Asker: 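The structure's right below; bear with me while I get my questions together.
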Amino acid sequence: MAGCAGSRSGGSDIDGTVTIEEAVVHEVNLARTNPRLYAKFTRQWRQYYDGNLRKAPGHNPVRTIEGVAALDEAILYLESVDPVQPLIWSEGMSEGARDHVDNTGPAGDIGHSGSNGSAVGERVNRYGRWQHRVGENISYGGNDAREFVMRLIIDDGIADRGHRTNIFAPDFRYVGVAFGYHATYKTMCVMTLATEYVEAGNLIPQAYPDH
């Protein structure tokens, strides 16, 4: 199941030095800058499909909605889409993603709305200010950065492929990621994206005229 964004710190280590959040950013940027290479990675998953069931070694079986058709459609997309610039890591956007993980994960909630009705734009604005456009992707279950990103690119069961569109949107320039516990799916990974983002420490105080 897929959806939203996150934080650099607090994630599980992959090799003792790189957090899973950093690895997710690396994978997203690899897909954005070299989609043909990512098509090869995605094609390797084809052998793991048995009807609508994906049974990859080392992973729990996953029942998909569209089966291999969504995978093949993603491969064609990756082989034809133009490369775009890598995303820039944002601490503030990652903190906003961390808030969503900490808020919804322990309760087992899914989706982009916080328990208080907050949306992604509100959450990242707690730590800075987004401009022009903001988006969010969420992936539930698993602990492998490449799997997270590939699932979002395949976007099984999502008619408009909105998560894939977010990943390859050329106007998105900043990214934040957070990984953590989810009561139902064990883990969740949230990715926030924005066209522009100013960290809280760099905001210019609003000047008001004297009355």
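Just so it is clear, the model here is predicted, and its values are computed rather than measured.
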Asker: Would you call the rings of Phe179 and Phe148 parallel, tilted or perpendicular if under 30° counts as parallel and over 60° as perpendicular?
Answerer: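 Rings of Phe179 and Phe148: tilted, 30 to 60°.
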
Asker: Please report the interatomic distance CD1(Ile153) to CZ(Phe41), rounded to the nearest 0.5 Å.
Answerer: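 Atom-to-atom, Ile153:CD1 and Phe41:CZ are 10.5 Å apart.
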
Asker: Write down the atom of Pro106, the atom of Ala183, and the distance for their closest heavy-atom approach.
Answerer: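 The pair with the smallest heavy-atom distance is O-CB, 3.4 Å.
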
Asker: Sub-3.5 Å donor-acceptor pair from the side chain of Arg133 to the main-chain atoms of Leu193, do we have one?
Answerer: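 Checking the backbone N and O of Leu193 against the side chain of Arg133, no donor-acceptor pair under 3.5 Å is found.
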
Asker: Checking Glu66 now: which residues fulfil side-chain hydrogen bond (donor to acceptor under 3.5 Å, both in side chains) with it, not counting sequence neighbours?
Answerer: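 side-chain hydrogen bond (donor to acceptor under 3.5 Å, both in side chains) check on Glu66 returns Arg161.
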
Asker: If we only count heavy atoms from C-beta on, is the Met150 to Gln44 side-chain gap below 4.5 Å?
Answerer: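 Of all side-chain heavy-atom pairs linking Gln44 with Met150, none is under 4.5 Å.
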
Asker: Got Cys189 and Val24 here, is their nearest side-chain heavy-atom distance under 4.5 Å?
Answerer: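 A side-chain contact exists here, since the closest heavy-atom pair is under 4.5 Å.
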
Asker: Between OG of Ser118 and CG of Asp99, what distance do you get to the nearest 0.5 Å?
Answerer: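 It comes to 8.0 Å.
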
Asker: Under 3.5 Å, side chain of Thr104 to main-chain N/O of Gly114, donor-acceptor pair present?
Answerer: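 The answer is no, because no donor-acceptor pair under 3.5 Å joins these two groups.
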
Asker: For the residue pair His132 and Asp171, establish whether any side-chain heavy-atom pair is separated by less than 4.5 Å.
Answerer: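 Result no, sub-4.5 Å side-chain heavy-atom pair not found.
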
Asker: Could you pull out all residues at least two apart from Tyr197 that satisfy ring-ring contact (aromatic ring centres under 6.0 Å, His included)?
Answerer: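 Checked Tyr197 against ring-ring contact (aromatic ring centres under 6.0 Å, His included); zero matches.
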
Asker: Go through the steps to decide whether Glu21 and Trp89 satisfy the test side-chain contact (heavy atoms from CB on, under 4.5 Å), and finish with yes or no.
Answerer: CA-CA 10 Å; Glu21 289 95 342; Trp89 174 269; 4.2 Å; yes

Asker: Looking at Glu122 and Arg126, does any basic side-chain N land under 4.0 Å from a carboxylate oxygen?
Answerer: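 No salt bridge links Glu122 with Arg126.
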
Asker: Do the non-hydrogen side-chain atoms of Ile158 and Arg164 ever get within less than 4.5 Å of each other?
Answerer: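 With C-beta onward as the side chain, the pair stays apart.
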
Asker: How are the rings of Phe168 and Tyr77 set relative to one another: parallel (under 30°), tilted (30 to 60°) or perpendicular (over 60°)?
Answerer: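 Perpendicular, since the angle between the ring planes exceeds 60°.
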
Asker: If you measure from CD1 on Ile75 to CZ on Arg36, what distance do you get to the nearest 0.5 Å?
Answerer: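 Here the interatomic distance stands at 13.5 Å.
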
Asker: Within the structure provided, determine whether Leu76 and Glu73 are in side-chain contact (heavy-atom separation under 4.5 Å).
Answerer: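 The answer is no; the side chains never approach within 4.5 Å.
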
Asker: Taking a hydrophobic cluster as the set of Ile, Leu, Val, Met, Phe, Trp and Tyr residues connected by side-chain heavy atoms closer than 4.5 Å, whether directly or through intermediates, do Val81 and Val175 fall within one such cluster?
Answerer: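 Yes, Val81 and Val175 fall within the same hydrophobic cluster.
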
Asker: In terms of hydrophobic clusters joined by side-chain contacts under 4.5 Å, are Trp45 and Leu53 together?
Answerer: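 No, no single cluster joins them.
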
Asker: When you look at Lys40 and Leu78, which way does the side-chain contact (heavy atoms from CB on, under 4.5 Å) test go after all the steps?
Answerer: CA-CA 9 Å; Lys40 294 180 181 179; Leu78 290 166; over 6 Å; no

Asker: Can you list the residues that meet the side-chain contact (heavy atoms from CB on, under 4.5 Å) rule with Ile65, with sequence neighbours excluded?
Answerer: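 By the side-chain contact (heavy atoms from CB on, under 4.5 Å) rule, Ile65 matches Asp156.
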
Asker: Any side-chain heavy atom of Ile154 within less than 4.5 Å of one from Thr42?
Answerer: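 They are in side-chain contact.
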
Asker: Hey, can you tell me if His182 and Tyr185 have their rings parallel, tilted or perpendicular (30° and 60° cut-offs)?
Answerer: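 If you compare the ring of His182 with that of Tyr185, the planes turn out tilted.
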
Asker: Hey, could you give me the NE2/OG distance between His100 and Ser115, rounded to the nearest 0.5 Å?
Answerer: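 Going from the NE2 atom of His100 to the OG atom of Ser115 covers 9.5 Å.
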
Asker: Side chains of Thr64 and Arg54: is there a donor and an acceptor less than 3.5 Å apart?
Answerer: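 Looking only at side-chain atoms, Arg54 and Thr64 do not form any donor-acceptor pair under 3.5 Å.
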
Asker: Could you tell me the separation between the CZ atom of Arg63 and the NZ atom of Lys55, rounded to the nearest 0.5 Å?
Answerer: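 So the gap between those two atoms works out to 9.5 Å.
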
Asker: Can a side-chain donor-acceptor contact be found between Thr187 and Asn143 if the only test is distance below 3.5 angstrom?
Answerer: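 The answer is no; no qualifying pair exists.
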
Asker: Is it true that a side-chain atom of Asn125 and a backbone atom of Trp130 form a donor plus acceptor pair closer than 3.5 Å?
Answerer: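 Yes; judged by distance alone, with no hydrogens or angles, the pair exists.
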
Asker: Is a donor on one side and an acceptor on the other found under 3.5 Å between the side chain of Arg129 and the backbone of Glu196?
Answerer: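 No, the answer is negative, given that no donor and acceptor are paired below the 3.5 Å cut-off.
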
Asker: Are the side chain of Arg32 and the backbone of Ile167 linked by a donor-acceptor contact shorter than 3.5 Å?
Answerer: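 Yes, the answer is positive, given that a donor and an acceptor are paired below the 3.5 Å cut-off.
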
Asker: Does any N or O in the side chain of Asn29 come within less than 3.5 Å of the main-chain N or O of Leu87, such that one atom is a donor and the other an acceptor?
Answerer: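 Yes, Asn29 side chain to Leu87 backbone: donor-acceptor pair under 3.5 Å.
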
Asker: For Thr195, does its backbone N or O pair with a side-chain atom of Gln131 as donor and acceptor, under 3.5 Å?
Answerer: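 Not at all, since once roles are kept as given, no pair shorter than 3.5 Å links the two residues.
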
Asker: At what distance, to the nearest 0.5 angstrom, does CG of Leu152 lie from CG of Asn166?
Answerer: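 Reported value, rounded in 0.5 Å steps: 9.0 Å.
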
Asker: For Val149, is there any backbone N or O sitting under 3.5 Å from a side-chain donor or acceptor partner on His163?
Answerer: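 Between the backbone of Val149 and the side chain of His163 there is no qualifying donor-acceptor contact (under 3.5 Å).
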
Asker: Heavy-atom distance under 4.5 Å between the side chains of Ser90 and Glu199, does that happen here?
Answerer: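 Yes, at least one pair of side-chain atoms sits under 4.5 Å.
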
